[in-house]
Amino acid sequence: MVHTNTASECPKEMIALKMAQTEKLLPGNQNSVSMDSSSVDMKQLSTHAGSKGRTQHRQTSKPSKRENICSIGSSSSDAPTAVKKRVVPTFHRKASGLKEKTKNKPEKLSQMSIEQVMGTTHRVSGALVQAAKTVTSMSPSELAKLQEIISESSEMLMMLTYTDGSTQLREPNEPRKRASASLHEEGVANSVLVAIQRKAAKKEYMFVSFPLAGLGKENASEATRNVLLEILQSSTRKVCFDAQELMHAIIINYSLDPQSGCNKWVIMDPKIACWLLDPDNPPVTFSGMLKTFVTGKYNDQAPNNHLTHLELLGLVMGDLTNKLQRKNLWELFINLEVPLIPILAGMEVQGIQVNQKMLISYSNILKDEIKDVEKQCYKEAGHPFQITSHIQLRQVLFVELKLDEQCPGQKLARTNVQNLKSTSETVLHKLIDLHPLPELVLTHRQLVKLKSTYLDGLSDYVSGGYIHTSWDQTSAASGRLQSSNPNIQNIPKQPLQLHKDANGSVVNETTASSTTPATTLWMREPFYSHDGWSFFAADFQSIELRILAHLSQDAVLLKVFNDAGSTDIFVQLTCEWLGLNLDDVKTADRERTKRIVYSVIYGVGAERLAETLNDTKENAKAFTKSFLVKFKGVNTFAQRCISECQRHGHVKTIFHRHRLISNISSQNFHVRSHAERQAVNFVIQGSAADICKLAMIHIMKVLSEKNTVRARLLVQIHDELLFEVHDEDINEVKGILKTVMESTPTLGESICQLKVPLPVSLSYGKTWGHLKQMV
DNA sequence: GTAAAGACGCTAGG
DNA sequence: CCTAGCGTCTT
């Protein structure tokens, strides 16, 4: 795919030059029209607030990270004069004039007739702009003209506006009301503004507005929708900051099919571009991005109106395009991250069905169980205390009961920051034989966690029987996707067993006899498919380990994965490592292998490994050592990552995703070790993320082309995709998923020839709690 | 004196 | 190693 990129060929000197030229051509600035938010269609949308609340959820979900509200439009008088002069002196002078008009006559545009508006041109930083026109008010001939302009356009700059007058490029003057009363009480997207740059006259913009609110079933929406779709499907380069949010709003308000309708939309997103350049510091807002990420040359210069904001957007994207190309990230951006945007927007709108009654009834069951455990804890401690308070628990365990003094051989962990005696799971496990309390506390914690996070927490997000999670592309430095509000990627997989003894109180698993009545709860059980449809899960088997095999080129690992039998991979590895026969491998051996393998991937040291293995540090060291002797390539790979990072200051995945790790040369051993683990881990985790994203894009492409199969993507859990499939199509989808996902390595062949197969396992069922393995 | 925000500890997923 | 989210405690 080739994308022209005019703005990128335009460094800042050029921009200044262009502006100066236009200045000559267009003396004076008499035609300026207020493009303030007041000029934009502000139809009332309160009746649609419920259905559109999600659109802005992302905006309010991280209020603490919001920075620098309204910096673009900040007063020109407090910017340093020297800077202003050096960059674009004439521009700034004009900008002030424009701002004056904006301030004094905000009502002007709204009073104008459509003809007047259409006829009004407007100059912003060197470009001719036609003032905004709402598409719904256009005549058929005007619409036809617009479509012609679209088909001949060279670039389109897009953004959402909101009912409070703010936009995607300009935060509200006052922080939006926090969503305290209700989770969905938020501002509402108001319109899509598009600045269309015409090929014929490059310095000319056509500026059109598509209403989002109050569309309903009006006749006008059909024609409007077609024009908007034409824009989205056109091959013209399009730019939007947070395109996912834009797409989300469009899909909802124009009632588009969330899965197939939008797959081909391609919009460049500078937010994602910035994140690729420095994944540890993703931009939150457009103005924040200008401040921290780009050169700073755009700051505080622009007059405060939509047109200049959009023009900035184009310039910034051009700049970022150059940067991406220089850093060899353009392919990743255009082939992986950009195609993912509509898929995520579609998943957000699609949502997943949840049985709220089941969540509530599970919650009530746990409420009673928690009370029981609580009573037993008080009894064992000798007095009531706040079990969920680690401070009080520390007092009870280590000051009153002095349990730590009863296990002198064991080194008990300390807390991270304050270096106090930890009450974590691993510590409590070590104290389990000394006193009944530790186990009771563990049970209590588990129950409270499940109830508060996965039952009550989820229940708050159920709306109309669905949960619509937010999918965040730029929050994880590893390149993984992240879900939030609620997080649907960490719903417990393992069931909770509740055993009741004769008194009805909870007893632990080991002491419960087989005759005691048991209740089993699966936290994934309340997620259920539609009538006539089933959930369908496809996951890559041990993908990170396979990536490690590929990257390290370790002979033994490669052999194990390529001689693929149906035998469990960790059993095979254990055989190779300890020289055993397949049948001699015990479950404990397999578990230990698995933990060591992942500790290598995670880069943990012997101490941490000893904790997870529940063994001594010496043994953990010995295990790791003998493992690394057998799998020699793994160690060389880790060292290669570290030295690469030392040389370049960053490490790279197989698709060139990179991460800057500056602490890699730190004098502080602890800090440096941490950086080394990060470096090794990023290469593996990030490469796996690359592959999973590629598979996701490919499978969605194939499914949308085969419009006969009814399948929707609901959830991505890193190496697993959860679909909902029509029962009649299950067999066909099974074949497609298996073939397409397992062929992922061949897709990336131009970039990387994977040396290992990536087998996919499939399962299906009516609820997420009970998926049956397919063969 | 109360409420909101941040630090911290812990645990669910991969 | 990478995350999100809940509860407690401090400011």
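Letters A, B, ... are given to chains in the order of the sequence lines, protein chains preceding strands, and every chain is numbered from 1.
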Measure [atom1]/[X] against [atom2]/[N] and give the value in whole Å, please.
X: Phe637(A); N: dC1(C); atom1: CZ; atom2: C1'; value: 13 Å
X: Tyr598(A); N: dC1(C); atom1: OH; atom2: P; value: 17 Å
X: Leu447(A); N: dA12(B); atom1: CG; atom2: P; value: 11 Å
X: Asn681(A); N: dG14(B); atom1: CG; atom2: P; value: 16 Å
X: His718(A); N: dA4(C); atom1: NE2; atom2: C1'; value: 10 Å
X: Asn485(A); N: dA4(C); atom1: CG; atom2: P; value: 10 Å
X: Lys451(A); N: dG5(C); atom1: NZ; atom2: C1'; value: 15 Å
X: Leu450(A); N: dC10(B); atom1: CG; atom2: C1'; value: 13 Å

query = Could Glu337(A) and Lys693(A) be called an ion pair, given the rule that one side-chain N must be under 4.0 Å from one carboxylate O?
reply = yes
query = Below 4.0 angstrom, N of the basic side chain to O of the carboxylate: do Arg480(A) and Glu544(A) qualify?
reply =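 Looking at Glu544(A) together with Arg480(A), the answer is yes, because their closest N to O distance falls below 4.0 Å.
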Does [N] have its OP1 or OP2 closer than 4.0 Å to a side-chain nitrogen or oxygen of [X]?
X: Thr423(A); N: dC10(B); result: yes
X: Arg677(A); N: dC1(C); result: yes
X: Arg445(A); N: dT11(B); result: yes
X: Ser422(A); N: dC10(B); result: yes
X: Gln678(A); N: dC2(C); result: yes

So which nucleotide from [options] ends up closest to the side chain of [X]?
X: Arg480(A); options: dG14(B), dT11(B), dA4(C); answer: dG14(B)
X: Val417(A); options: dA12(B), dC8(B), dC1(C); answer: dC8(B)
X: Ile717(A); options: dG9(B), dG14(B), dA12(B); answer: dG14(B)

ask   = Which distance, rounded to the nearest 0.5 Å, do you find between the CD of Glu724(A) and the CD1 of Ile352(A)?
value = 7.5 Å
Need one value for [X]: base, sugar-phosphate or nothing, where a base atom within 4.0 Å counts as base even if backbone is also close, heavy atoms only.
X: Ile491(A); result: sugar-phosphate
X: Ala688(A); result: nothing
X: Gln685(A); result: base
X: Glu425(A); result: sugar-phosphate
X: Arg659(A); result: sugar-phosphate

task = Show your reasoning for whether side chain to side chain donor-acceptor pair (under 3.5 Å) applies to His718(A) and Gln685(A).
result = CA-CA 10 Å; His718(A) 310 306; Gln685(A) 194 180 107; over 6 Å; no
query = Mind checking whether Phe570(A) and Tyr598(A) have parallel, tilted or perpendicular rings, split at 30° and 60°?
reply = tilted
inquiry  = Taking atom NE2 as the centre, does His670(A) end up with more than 12 heavy-atom neighbours from other residues, nucleotides or ligands that are less than 6.0 angstrom away?
reply    = no
key: Sugar-phosphate or base contact per nucleotide [nucleotides 6-11 of chain C; S, B, -; heavy atom under 4.0 Å]   = SBSS--
task = Determine whether the aromatic ring centres of Phe627(A) and Phe631(A) lie less than 6.0 Å apart.
result =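 Yes.
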query = Going by modelled atom types, is there a donor-acceptor pair between the base of dA12(B) and the side chain of Asn490(A) at under 3.5 Å?
reply = yes
task = Verify salt bridge (Lys or Arg N to Asp or Glu O under 4.0 Å) between Glu742(A) and Lys738(A), making sure each step is shown before the conclusion.
result = CA-CA 6 Å; Glu742(A) 291 188 347; Lys738(A) 182 98 179 156; 3.1 Å; yes
